[in-house]
Amino acid sequence: MTPHNEAKLGDYADTVLLPGDPLRAKWIAENFLSDAKLVNEVRNCLGYSGTWKGKPISVQATGMGQPSAAIYIHELLDVYKVKNLIRVGTCGGLHDKVKVRDVIIAMSAATDSSMNDGFAPYHYAPFADYELLSKSVELASQRGFTTHVASVVSSDVFYVPDGVKSYGDLPNHGVLAVEMEAAALYTLASRFDAKALAICTMTDCLVTGEQIDAEQRQTSLEEMVELALDTALDI
Ligand code: HPA
């Protein structure tokens, strides 16, 4: 169907979860979805469709960074006519009020990428879908998660030279975490009149150097995936 995706039209549900890691997509399909079937394995960037509590849901890996994510997301929206996209990922903390394991629900996403420059000028501010955002915040608070509804920065650079200082004054302007995909996700969802949200667990604090341990990573991941799936139930 596309150079990057062999799924047929109709193979994806209206709602797709987007982890970066293909093996995480497989893990979500195998551990959360019922009757999951593999729909894409081009470049091993795995995609699956199944159901969650009876509702059709898909999961598609995006790879790391905006250029990779934007290919999969653009095709899901343009070719497969997907309506709701929820990124489930990790992020680095930029402010000491965010602790490892905290959940960041990204209301908006600044970026150092020039990807949008030609298409969305005026320092366009990519933003989340309000319905997905408010529903996920409500569910997260019911579950007692420590949640920050904040802005993130979608950076093209993982290995920044100067730690948290590389992000300048952003942490003092409500940008509490760094990840690598949300801005492209939000931009494309707006362009295709779809709904999008990025939910990220903070795994590495750039302020203190603290990192999540393996056991906490697994538990946090499970909680975040369930939060994303339940957010998708009513839309
Ligand atoms: N930078 C970008 N993305 C991330 C990080 C980081 O430090 N940690 C987890 N995802």
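Note that ligands are numbered from 1 as they come in the structure, with each ligand's atoms numbered from 1 the same way. All figures in this text were calculated on a predicted structure; none of them were measured in a lab.
Between Tyr72 and His4, the angle of the ring planes goes over 60°, which puts this pair in the perpendicular group of the 30/60° scheme.
Residues Ala110 and Ser151 come closest through the heavy atom pair N-OG, 4.2 Å.
Side-chain rings of Phe127 and Tyr186 stay apart, their centers remaining 6.0 Å or farther from each other.
By the side chain to side chain donor-acceptor pair (under 3.5 Å) test, His74 pairs with no residue at all, sequence neighbours left out. Remark: Asn84 pairs with Thr15 by the side chain to side chain donor-acceptor pair (under 3.5 Å) rule, at least two apart or across chains.
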I'd like a table of the close N/O pairs between ligand 1 and the protein (anything under 3.5 Å), one pair per line with both atom names and the distance.
| residue | atom | partner | partner atom | Å |
| --- | --- | --- | --- | --- |
| ligand 1 | 8 (N) | Gly92 | N | 3.4 |
| ligand 1 | 8 (N) | Asp204 | OD2 | 2.8 |

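Every pair passing salt bridge (charged side-chain N to carboxylate O under 4.0 Å, His left out) that includes a residue from residues 215-235 is listed here, sequence neighbours excluded: Lys53-Asp230, Arg101-Glu223, Lys135-Asp234, Arg143-Asp230.
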